[in-house]
**Q** 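Here it is: the structure, laid out below.
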Amino acid sequence: MARIVMKFGGTSVADIERIKNVARRVRAEVESGNEVAVAVSAMAGVTNQLVEHVRGAAKLYDLREYDAVVSSGENVTAGLLAIVLQSQGIQARSWQGWQIPILTDAAHGSARIERIETGELLQRLSQGEVAVVAGFQGLEPERNRVTTLGRGGTDTSGVALAAALEADRCDIYTDVDGVYTSDPRIVKKARKLERVTYEEMLEMASLGAKVLQTRSVEMAMKHRVRVQVRSSFDDAPGTLIVDEDEILEQAIVSGVTYSRDEAKITLQQVLDKPGVAAGIFGPLAEAAINVDMIVQSVSAGTGATDMTFTVTRADLDRAIAVLEQNRAAYGDAVLSVDPNVVKVSVIGVGMRSHAGVAQQMFRTLAEKGINIQVITTSEIKISVLIAEDYTELALRSLHSAYGLDDA
Ligand code: ADP
Ligand code: ASP
Ligand code: MG
C-alpha cells in the first residue's frame, strides 16, 4: 500500500466526460489499495475567463477580491469529481483550501504556502476516503481571506500536499505525456525525457517550460517529493523528476525553453561613474520590479555608457514610470523600450563538465542570422534575448544543434 497524490490540470477536467476519466484513474489507485489525495484545477479556460471578468469590472482592483473570484473555478471541479467518485461507490469528499487549511502568506495573487494542517486528511485517508482538494487555493490566516498561488498553482498544491502528507509519489496528470526536451507544441521533434533532475526541471520551469509551476519544483526539490509528469489520456510512462545520481547517462543539454514574458529597456548615454547602477536598479527593486538580464557596455573613455536590461511585460509600464521619476540618478540618458523580445535558454547539468556549449549556441543562432541582444549564463544554463519573430526558428535550430531531435 502506498499513499499518493494525483494532480489533474485544466484540460484533464475540461468537461464531465473527462472528469469521469479522472475518476476512473483515481478508482484504479484506490482499488490497488492506495491512500489517495487528489488536487484538481479549474476546468480548461475557466480561470482565464474569471481573470477577464475581474479586469472588466475595474481597471485597478483589490487583489483580495481578485483571489475571491479566480479561486472559484477549482471549487466546481473538486465538487464534481467527488460526486462522480461517490456515484461509482468510492468514498470521497471535496475540500477547499480554507477547509484543510492550506495556510499561505498574504501575497494575494501569488501567495506562498507556509503550512498545511494534515490531521483530518490523514485520518480520513486511513479510513479509505479519497480527499479531493481544490488546487490553486490557500488561506491567509491573519485576515482570514482566501488566497491563490499564482497561475499554474495547482501543481504546487499537489506537490505541497504530497510533502505534507509524506506521500510516496506525486503524479502530475496533464495533456502531454511527460516533460519534453522543448515545448512539443512548437518543436515537433521534441523528445520525451524519461528522467530529468530537480535542478534542470527547476531551470526549465523558471525559464518558460510551463508544464510545471516553478514553485512546485522548488517544493519537490526541497522535500524530495517523487514527482512524475504523465498524461491523463494514455498510459504511456511519464517523466520522473529525480536526483542527479539517478541518471546514468547525462546529456550535456537536456532542454531548450523560451519565455515571451520579457520586455527590454535600454538607457543610452548613462553617466559612467560609481553609484549609477545602484541609482537605477535600487528604485526598481523598491517597487518590487524584478530585473532579469542586465548588460552594461564599455564606455570607451567618453564618460558615458549604455545599460540594457529586461523586466516582465506586466511590469514594463511601472518600470518606465519608476525610471522617469528617478532621472536624477543617471543623467539625461535616452530611454527606449522593446516589448517584442523573447528569452531562449538551453539547460543541462552536463554543462558543468563540458566546454563549448555556449559557443555552439552562438554559432547556431549566427548561422540563422539571428542577432543576440543580451546573454546571461549560470552553471547549468545559457539564456539569450532575441527578437520575438525568431522564436520558433531559434528553438528548432538549437534543438537540432544539440542533438535533441527525435529520430
Ligand atoms: P495543465 O493544465 O495540465 O496544468 P499546462 O498547460 O499548464 O497543463 O502545461 C502543459 C503544457 O505545457 C503542454 O501542453 C505543453 O504545450 C507545455 N510545455 C511547455 N514546455 C514543455 C516541455 N518542455 N515539456 C512538456 N510540455 C511543455
Ligand atoms: N486554474 C489555475 C490556473 O489556470 C491553476 C492551475 O490550473 O494550476 O492558473
Ligand atoms: Mg499547468
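Just so it is clear, the values below take in all heavy atoms, side chains as well, and ignore hydrogens, waters and symmetry mates. Numbers for residues simply follow the sequence, beginning at 1.
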**Q** Contact between Leu284 and Leu323 at the side-chain level, heavy atoms closer than 4.5 Å - yes or no?
**A**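 The answer is yes, as the side chains (C-beta and beyond) meet within the 4.5 Å cut-off.
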**Q** One thing to verify: whether Glu117 and Arg115 come together as a salt bridge, which I'm taking to mean a side-chain N less than 4.0 angstrom from a carboxylate O.
**A**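 Salt bridge: yes.
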**Q** Ion pair present between Asp168 and Arg226, side-chain N to carboxylate O less than 4.0 angstrom?
**A**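 Not counted as a salt bridge, because no side-chain N and carboxylate O are separated by less than 4.0 Å.
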**Q** Got Glu392 and Tyr258 here, is their nearest side-chain heavy-atom distance under 4.5 Å?
**A**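 Answer no - side chains too far apart.
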**Q** Working to the nearest 0.5 angstrom, can you tell me the gap between Ser182 OG and Met204 CE?
**A**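 One gets 7.5 Å once the value is rounded to the nearest 0.5 Å.
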**Q** Are side-chain N/O atoms of Thr147 and Glu140 paired as donor and acceptor at under 3.5 Å?
**A**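 Note: Thr147 and Glu140 side chains miss the donor-acceptor criterion.
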**Q** Can we say Lys343 and Asp292 salt-bridge, meaning some charged N sits less than 4.0 Å from an Asp/Glu carboxylate O?
**A**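 Yes, charged N to carboxylate O under 4.0 Å.
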**Q** Return the minimal non-hydrogen interatomic distance between Asp155 and Leu212, and the atom names on each side.
**A**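 Distance-wise, the nearest heavy atoms are OD2-CA, 3.4 Å.
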**Q** Measuring from atom CG of Leu139 to atom CD1 of Ile113, what distance do you get when rounded to the nearest 0.5 angstrom?
**A**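 If I round to the nearest 0.5 Å, the distance is 12.0 Å.
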**Q** Please work out whether the ring planes of Phe281 and Phe309 are parallel, tilted or perpendicular, with thresholds of 30° and 60°.
**A**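 Rings of Phe281 and Phe309: perpendicular, over 60°.
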**Q** Is it true that the side chains of Asp405 and Ser400 contain a donor and an acceptor less than 3.5 Å apart?
**A**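 A pair is found: one side chain offers a donor N or O, the other an acceptor, under 3.5 Å apart.
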**Q** What distance separates Thr214 OG1 from Met201 CE, expressed to the nearest 0.5 Å?
**A**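 Reported to 0.5 Å precision, the distance equals 8.5 Å.
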**Q** So Leu121 and Leu161, do their side chains get closer than 4.5 Å, heavy atoms only?
**A**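 Yes; the side chains approach each other to less than 4.5 Å.
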**Q** Does Arg55 have more than 12 heavy atoms from other residues, nucleotides or ligands lying within 6.0 Å of its CZ?
**A**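 At most 12 heavy atoms, drawn from other residues, nucleotides or ligands, come within 6.0 Å of this atom.
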**Q** Counting heavy atoms not belonging to Phe233, are there more than 12 under 6.0 Å from its CZ?
**A**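 Atom CZ in Phe233 is packed in, count exceeds 12.
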**Q** Give a yes or no on whether a salt bridge exists between Glu120 and Arg93, defined as a side-chain N under 4.0 angstrom from a carboxylate O.
**A**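 A salt bridge is absent here (no side-chain N lies under 4.0 Å from a carboxylate O).
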**Q** Less than 4.0 Å between a side-chain N and a carboxylate O, is that true for Arg3 and Glu166?
**A**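 The answer is no: the pair does not qualify as a salt bridge.
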**Q** Go through Glu367 and Ser397 one step at a time and tell me if the side chain to side chain contact (heavy atoms under 4.5 Å, CB included) criterion holds.
**A** CA-CA 9 Å; Glu367 279 165 10; Ser397 318; over 6 Å; no
**Q** Might you point out which heavy atoms bring Ala209 and Thr257 nearest each other, and give the distance in Å?
**A**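 That closest heavy-atom pairing would be CB-CG2, 4.0 Å.
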**Q** Measure the spacing between CD of Gln49 and NE2 of His53 and express it to the nearest 0.5 Å.
**A**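 Between atom CD of Gln49 and atom NE2 of His53 there are 4.0 Å.
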**Q** Tell me, with the steps shown, if Ile4 and Gln228 meet side chain to side chain contact (heavy atoms under 4.5 Å, CB included).
**A** CA-CA 11 Å; Ile4 63 171; Gln228 184 181 185; over 6 Å; no
**Q** Taking side chain as C-beta onward, heavy atoms only, is Met219 less than 4.5 Å from Val225?
**A**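 Counting from C-beta outward, Met219 and Val225 never come under 4.5 Å.
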**Q** Applying the side-chain contact (heavy atoms from CB on, under 4.5 Å) criterion to Val196, which one of Val217, Val349, Ile241 satisfies it?
**A**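 It is Ile241; the other options fail the test.
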**Q** Could you tell me whether Arg145 and Asp67 make a salt bridge, using a distance below 4.0 angstrom between a side-chain N and a carboxylate O?
**A**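 No, no charged N to carboxylate O under 4.0 Å.
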**Q** Taking the side chain as everything from C-beta on, heavy atoms only, tell me whether Arg396 gets closer than 4.5 Å to Ile186.
**A**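 Yes; the side chains approach each other to less than 4.5 Å.
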**Q** Side-chain donor-acceptor contacts of residues 356-364 below 3.5 Å, not counting sequence neighbours, with atom names and distances?
**A**
residue: Gln360; atom: NE2; partner: Ala401; partner atom: O; Å: 2.9
residue: Thr364; atom: OG1; partner: Gln360; partner atom: O; Å: 2.6

**Q** Looking at OG1 of Thr104 and CZ of Arg112, how far apart are the two atoms once the value is rounded to the nearest 0.5 Å?
**A**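 The CZ atom of Arg112 is 11.5 Å from OG1 of Thr104, to the nearest 0.5 Å.
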**Q** Please find the pair of heavy atoms, one from Ala78 and one from Val132, that lie closest to each other, and give the distance.
**A**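 In this case the closest contact between Ala78 and Val132 is O-CG1, 3.6 Å.
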**Q** With sequence neighbours left out, which residue pairs that include part of residues 103-125 fulfil the ring-ring contact (aromatic ring centres under 6.0 Å, His included) condition?
**A**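 Found none.
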**Q** Any donor-acceptor pair under 3.5 Å linking the side chain of Asp261 with the backbone of Arg313?
**A**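 Indeed, once roles are kept as given, a pair shorter than 3.5 Å links the two residues.
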**Q** Mind checking whether Ile386 and Val342 have side chains closer than 4.5 Å, heavy atoms only?
**A**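 Touching, per the 4.5 Å side-chain cut-off.
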**Q** Around atom NZ of Lys192, are there more than 12 heavy atoms from other residues, nucleotides or ligands closer than 6.0 Å?
**A**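 Counting neighbours around NZ of Lys192, more than 12 heavy atoms of other residues, nucleotides or ligands fall under 6.0 Å, so yes.
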**Q** Do you know which two heavy atoms are closest between Val341 and Ala263, and how far apart they sit?
**A**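 Residues Val341 and Ala263, closest heavy atoms: CG2-CA, 4.0 Å.
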**Q** Does any part of the side chain of Asn326, heavy atoms only, come nearer than 4.5 Å to the side chain of Ile280, both counted from C-beta?
**A**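 No - every pair of side-chain heavy atoms lies 4.5 Å or more apart.
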**Q** Return the minimal non-hydrogen interatomic distance between Thr118 and Ala164, and the atom names on each side.
**A**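 So the two residues come closest at CG2-CB, 3.6 Å.
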**Q** Which pair of non-hydrogen atoms, one from Val13 and one from Ala42, has the smallest distance, and what is that distance?
**A**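 Looks like CG2-O, 3.8 Å.
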**Q** Is Tyr330 close to Leu271 at the side-chain level, that is, under 4.5 Å between some pair of heavy atoms?
**A**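 Answer no - side chains too far apart.
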**Q** Which is it for Leu316 and Ile265 under the side chain to side chain contact (heavy atoms under 4.5 Å, CB included) test, yes or no, and what are the steps along the way?
**A** CA-CA 8 Å; Leu316 180 58; Ile265 300 179; 3.8 Å; yes
**Q** Side chain to side chain contact (heavy atoms under 4.5 Å, CB included), that's the test. Do Ser297 and Thr305 meet it? Break it down for me.
**A** CA-CA 6 Å; Ser297 49; Thr305 181; 3.7 Å; yes
**Q** Given 3.5 Å as the limit, does a donor-acceptor pair link the side chain of Asp243 with the main chain of Asp245, or not?
**A**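 Side chain of Asp243 to backbone of Asp245: no pair is present.
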**Q** When you check the side-chain N and O atoms of Ser216 and Gln213, is any donor under 3.5 Å from an acceptor?
**A**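 Side-chain D/A pair, Ser216 to Gln213: absent.
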**Q** Taking atom types as modelled, is there a side-chain donor on Asn21 or Arg24 under 3.5 Å from an acceptor on the other?
**A**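 Their side chains do contain a donor-acceptor pair, which is all the 3.5 Å distance test asks for.
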